[in-house]
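Structure, as structure tokens:
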Amino acid sequence: MEPGKLRSVGASVAAVLPAGGSGERLGSATPKQFCALLGRPLISYTVRALERINWISDIVVVVSLENIETMKSIIEKYGHKRITVVEGGMTRHRSIFNGLKIFPESKLSSCPLQKPEVVIIHDAVRPFVEEDILLKVVLAAKEHGAAGAIRPLVSTVVASSADGSLNHSLERASYRASEMPQAFVFDIIYQAYHQCSDYDLDYGTECLHLALKYCKTNAKLIEGSPDLWKVTYKRDLYAAESIIKDNLSQQVCVTTDMKEDAVQLGFLLHETLKNEVKQAKGKSVFLCKNDNRLQNIFLGQCYNFICINAKKSDIKETQQLVDILENARISVLHPVVLISVHLNVSENMSFSSGMEELAGIKEFAKEVKKKHILVYGLLIHYNKDDPKLQETINSAAAIISALIKDRNPELIGQLLVA
Ligand SMILES: Nc1ccn([C@@H]2O[C@H](COP(=O)(O)OP(=O)(O)OP(=O)(O)O)[C@@H](O)[C@H]2O)c(=O)n1
Ligand SMILES: O=C(CO)[C@H](O)[C@H](O)COP(=O)(O)O
């Protein structure tokens, strides 16, 4: 975040993430916030989305008593920072209230949380929240006392009569769906929760409504993006996983050693991939070994690497890249895809000629999978004078794209042939 933006928040901000539900509508034994997306619990994605914003000082995660230890182990495993875990209540409103109470109550504890001027409330099951909308709701809350993200209605809202027939319908264009995040001047929402009835706490679904009813605060409504939707049903988990895979496949880094053939092939692959990822608004980067820009690539959150090994039977380059990736710890949050490309410069392109590498790569891939790095082998027949070279490169780029988009852990160690 640019310093200008930090200054423009101009208030202390904390966040409360209600995560104490059981996910009945999703119908899994595991509450949806703990369901794995690419091997990592959904809640960890949401926590990360807030934690990376440096103007949010504390993040309070509210979970049910039986999940407190699970949450603590997630924090430990994924290295989350600035998190306080609080026990939830029977309903979402009761969980949020518990989360808010920790600020004034923690004064008595050994490491008290500073009561913020503005508090963000955001469902733990909406993992794709961006800094832009958080900033908008926080600034609007500072000005109006409360603010929340909204979306156009997908379907018309109708009211039914006691006999199940249509009573009336609402004019869709005049209504909006209330989504999250929402933000409040802390004292307003805290007072609203203190004053509201048990009925509100047990049956209410809208924090903005509490601020209006009990503190006469008319929240500012802000149009949010479609990605703010709440994971509610099983199909939402599949959709969330697809979005994550799509985001992860936006950047590809092609690295090669200094041998002429490897550099040429690397460059051709990079050019071809560049066109593919550009269509998906992504980018491809081409680096020779030891290029010190590699570190920037990691900081830029690249999770896909193509490593060109000059020799057909040699995985030395790939091994070195695995070591670098491991040291940079980039696979802690997301699985990294590493495609080990091997040049076949001989005319003999029979299937058996690739087989001897299969065993080696398979064992190696099994080992590094434990580090969350998914290695796949790709054999490319390379002859720079071959008139069909571009065809081969296109086929290799298509295989690479499919492996990156799919991130299938079952296919690691396979040696594919382009
Ligand atoms: N007692 C509760 C109930 C819900 N939530 C949280 O509120 C958010 C939004 O609620 P919802 O989607 O309704 O979650 P669940 O209650 O878990 O789902 P369901 O209604 O299908 O059981 C979720 O992050 C959920 O964990 C909470 O903190 N405490
Ligand atoms: O969108 C919201 C706030 O306006 C809430 O996420 C939503 O209302 C939660 O309700 P429920 O737990 O019944 O799904």
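Given the structure is predicted, the values throughout are model-derived calculations rather than measurements. All ligand and atom numbering here is 1-based and tracks the order in the structure.
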| query | Would you say P18 and ligand 1 have an N/O pair spaced under 3.5 Å apart? | reply | yes

| request: Please identify which atoms of ligand 1 are closer than 4.0 Å to at least one heavy atom of S95. | output: 1 (N), 2 (C), 27 (C), 28 (O), 29 (N)

| query | Backbone or side chain, does any N or O of T232 fall under 3.5 Å from an N or O of ligand 1? | reply | no

| task | Using a strict cut-off of 4.0 Å, indicate which atoms of ligand 1 neighbour a heavy atom of V125. | result | 23 (C), 24 (O)

| Which of the ligand 1 atoms, numbered from 1, are nearer than 4.0 Å to a heavy atom of A124 | 24 (O)

| Between G89 and ligand 1, is there a nitrogen or oxygen pair with a distance under 3.5 Å? | yes

Donor-acceptor pairs under 3.5 angstrom involving side-chain atoms of residues 218-227: please list them, not counting sequence neighbours.
{"from": "S225", "atom 1": "OG", "to": "D227", "atom 2": "N", "distance (Å)": "3.4"}

| field | No-hydrogen, no-angle side-chain donor-acceptor test under 3.5 Å, Q182 and E206 | value | yes

| said: Testing the 3.5 Å rule here: is there a donor-acceptor pair between the side chains of H270 and T272? | reply: no

| Partner set under side-chain hydrogen bond (donor to acceptor under 3.5 Å, both in side chains) for D323, not counting sequence neighbours | none

| Can H80 and S44 be counted as having a side-chain donor-acceptor contact under 3.5 angstrom? | yes

| field | For ligand 1, the portion of K32 having any non-hydrogen atom under 4.0 Å away | value | side chain

| said: Distance alone, cut at 3.5 Å: any donor-acceptor contact between the side chains of N309 and T318? | reply: yes

| message | For ligand 1 and G23, I'd like to know whether there is a polar contact (N/O to N/O, distance under 3.5 Å). | response | yes

